[in-house]
Amino acid sequence: MRYTLPKTALLRKSAQYNAVYRQGKRIRGRHFSLIILANDQGFNRLGISVHGVKTAVRRNRFKRVVREFFRLNREFLPQGVDIVFAIRKDCILDSSQAVRDAVSVLLTQQGKGEK
RNA sequence: AAAAGUGGGCGCAUGAUCGCUGGCAUUCUUUGAGAUGUCAGAGGAAAGUCCGAACUCCGUAGGGGACAGUGGUUCAUAACGUGAACAGGGCGUGAGUCCGUGGAAAGUGCCACAGAAAAGAAACCGCCCGUUACUUUAGAGUGAUGGGUAAGGGUGAAAAGGUGGGGUAAAAGCCCACCGCCUUGCUGGUGACAGUAAAGGGCACGGUAAACCCCACUGGGAGCAAGACCAAAUAGGAAGGCGUUUGAGGGCGACCCGUCCAAGGCCUUCGGGUAGGUUGCUUGAGGUGAUACGCAAGUAUCAUCCUAGAGAAAUGAUCAUGGCCUGCAUUGCAGGUACAGGAUUCGGCUUAUAACCCACUUUUAUUG
RNA sequence: GCCCCUAUAGCUCAGUGGAUAGAGCAGUAGGUUCCUAACCUAUGUGCGCAAGUUCGAUUCUUGCUAGGGGCA
């Protein structure tokens, strides 16, 4: 069951997204930003927002890559949080490994900032 | 063989592992946005939203006008601004291809600059005939003025039939021949239209309607975020009940008494309805094949098939094998494999699109 | 998904089918000043793209492209 990704692990409603946007903590990166908010579900939930990408094929491509990353790297992320990927229009990431590297950079930067 | 034209096809394939969505079946200590199994799961343009319809709601006596759209003819179609065939015109040696292709003798407007004149034609130069003044032997010349003239000049995108002959003071369809044009007839065609050594007209009618406009035809409005059903919370509404200084309810107060506020109160029900959920939702003017009719677009009959249904929105990732293309270069290595992703559903149009394949046709060259 | 609007100079905007397309700000060069600003003079730069109608198109028609807005 480790690598499944059911719909309960996705943010589905506008209200859920708005809660994360209002109260979450933002980490700005080069190709995308992370917005993180602790939840009371006991597991992570994922939301994806792609802005400024013209064609539906490229938009869906980003969403699939990010979902694939999220599915394969559960322990890599903080636990028990809602996390939204806000992808910018100049994003060039094309594989879950590239996303993993970028997220790793962001999280270590954030850790240093807190210390 | 080369260069073209037209029409059509294909739009990488197979397997393994992990994962996603839906249908069906089974299952339950957790009845869940559950689990297991099985089947299915993006396009030729799904795109742009440029047209047309289905479907849904709202509106609606009938007629006219306004407004908008369309615009050769005949068919096709549920319908269309789409398609087919044909007609007319432009382009091309050709196969072919392109065309918003009704009306300018209903009216109004516009036609810059140039030019005498740009529209009920017109006299600037020129040509011709008079009158008159001056010069002159005369013929004639110069100036002024009255007329005739559209042959010639030059301008322009465009200047009111063309060529030749006759004719005249000079000219002119003024007259004649041929060509062109218009009207009427005849013939062919369903028709647009075409033909005509038929008759008549001397020729009138510049262009522009993707300027206003006229004519013919078509059009009620909104759109699945349509619409239908269920329905938290909050505010307000309606009805009924309680209560009316015999005090419901609330404040002060630990509580009682007391005191203060008090119909703008409390309770129940109903209706509408937000978040949210369910539905609309995929069997349809459907696909494929055969036969018949039709030049064709297409239509009819029979057989056969069922082929996505999400909702912050599923079809992805990794690996392997093999196609195809390119490069290196020799039988391996490297790189590439387009445009692009359903959102109520259909019919079209338009736009994007790597590489490859097929059929027919044309022109040129060579050979037979 | 549906429905609208816009595109003119580096920026903000004008512009009856007809001239070398205009105004303000900005830019460049020169003048003025001891120097700078202000001021004066001169000067460059454009009609989103492609077809069509017309003698002629920024303007009219069609198709694209880009941007913006509305419908809960």
Side-chain angles (χ1 to χ4, degrees):
Chain A
M1 295 308 106
R2 184 186 152 196
Y3 296 117
T4 60
L5 186 67
K7 277 194 170 180
T8 47
L10 297 174
L11 296 179
R12 302 296 297 261
K13 294 298 167 192
S14 187
Q16 295 172 341
Y17 274 89
N18 284 335
V20 175
Y21 286 145
R22 274 200 305 274
Q23 303 166 26
K25 186 166 61 181
R26 291 171 183 267
I27 306 174
R28 304 179 68 82
R30 205 161 84 79
H31 299 303
F32 56 87
S33 294
L34 298 178
I35 303 132
I36 299 176
L37 177 67
N39 63 23
D40 54 358
Q41 302 290 315
F43 52 85
N44 286 358
R45 290 190 300 183
L46 175 67
I48 305 169
S49 168
V50 185
H51 186 74
V53 178
K54 297 281 178 178
T55 65
V57 169
R58 296 195 60 216
R59 279 198 301 276
N60 289 341
R61 175 74 189 164
F62 287 133
K63 290 182 181 180
R64 285 163 180 162
V65 166
V66 171
R67 269 206 309 274
E68 188 73 7
F69 154 78
F70 184 80
R71 184 171 72 85
L72 297 173
N73 298 278
R74 285 287 175 77
E75 300 88 0
F76 182 75
L77 293 166
Q79 295 300 301
V81 297
D82 292 337
I83 179 164
V84 173
F85 282 74
I87 294 172
R88 280 196 257 289
K89 64 181 173 185
D90 56 349
C91 184
I92 54 167
L93 299 176
D94 203 32
S95 70
S96 64
Q97 188 60 41
V99 174
R100 191 183 201 277
D101 295 341
V103 172
S104 172
V105 168
L106 285 187
L107 289 178
T108 52
Q109 278 178 355
Q110 183 69 12
K112 286 175 189 170
E114 284 180 351
K115 284 169 191 171

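Everything quoted here is computed from the prediction, not taken from an experiment. Within every chain, numbering begins at 1; the chains are lettered A, B, ... in the order of the sequence lines, protein sequences first and strands thereafter.
Classified by interplanar angle (parallel below 30°, tilted 30° to 60°, perpendicular above 60°), the ring pair A/F85/A/F32 is tilted.
Atom P of B/rA47 sits at a distance of 27 Å from the matching atom of B/rC98, rounded to the whole Å. When the C1' atom is compared between B/rA338 and B/rC10, the two are found 13 Å apart, to the nearest whole Å. Using atom C1' as the reference point in both B/rA68 and B/rA159, the two lie 41 Å apart (nearest Å). Straight-line distance between the C1' atoms of C/rU16 and C/rA57: roughly 14 Å, to the nearest whole Å. Atom C1' of B/rC357 sits at a distance of 25 Å from the matching atom of B/rG327, rounded to the whole Å.
Residue A/R64 has a polar side-chain atom (N or O) positioned under 4.0 Å from OP1 or OP2 of B/rU315. The side chain of A/K63 places an N or O atom within less than 4.0 Å of a non-bridging phosphate oxygen (OP1 or OP2) of B/rA313. Between A/R67 and B/rU315 there is a side-chain N or O to OP1 or OP2 distance below 4.0 Å.
Across every strand in view, B/rG7 sits in a pair with B/rC358 that passes the Watson-Crick or G-U test at under 3.5 angstrom. Using N1 to N3 plus N6-O4 or O6-N4 for Watson-Crick, or N1-O2 and O6-N3 for G-U wobble, each under 3.5 Å, B/rC174 pairs with B/rG166. The base-pairing partner of B/rC256, taking Watson-Crick or G-U wobble contacts with both distances under 3.5 Å, does not exist among the strands shown. With a cut-off of 3.5 Å on both Watson-Crick or G-U wobble distances, the partner of C/rA29 is given as C/rU41. In a base pair of the Watson-Crick type (N1 to N3 plus N6-O4 or O6-N4) or a G-U wobble (N1-O2 and O6-N3), with each distance short of 3.5 Å, B/rC324 is matched with B/rG336. If you check B/rG161 for Watson-Crick or wobble pairing at under 3.5 angstrom, you find it paired to B/rC179. Nucleotide B/rU26 forms a pair with B/rA35, judged by Watson-Crick or G-U wobble geometry with both contacts under 3.5 Å. In this entry B/rC86 has B/rG72 as its Watson-Crick or G-U wobble partner, both defining distances falling under 3.5 Å.
Pairing each heavy atom of A/R26 with each of A/Y21, the nearest pair is NH2-O, 3.6 Å.
Set against B/rA312, B/rA317, B/rA42, the side chain of A/E68 has B/rA317 as its closest nucleotide.
Both A/Y21 and A/A56 lie near RNA chain B, and the one whose nearest nucleotide falls closer to the 5' end is A/Y21.
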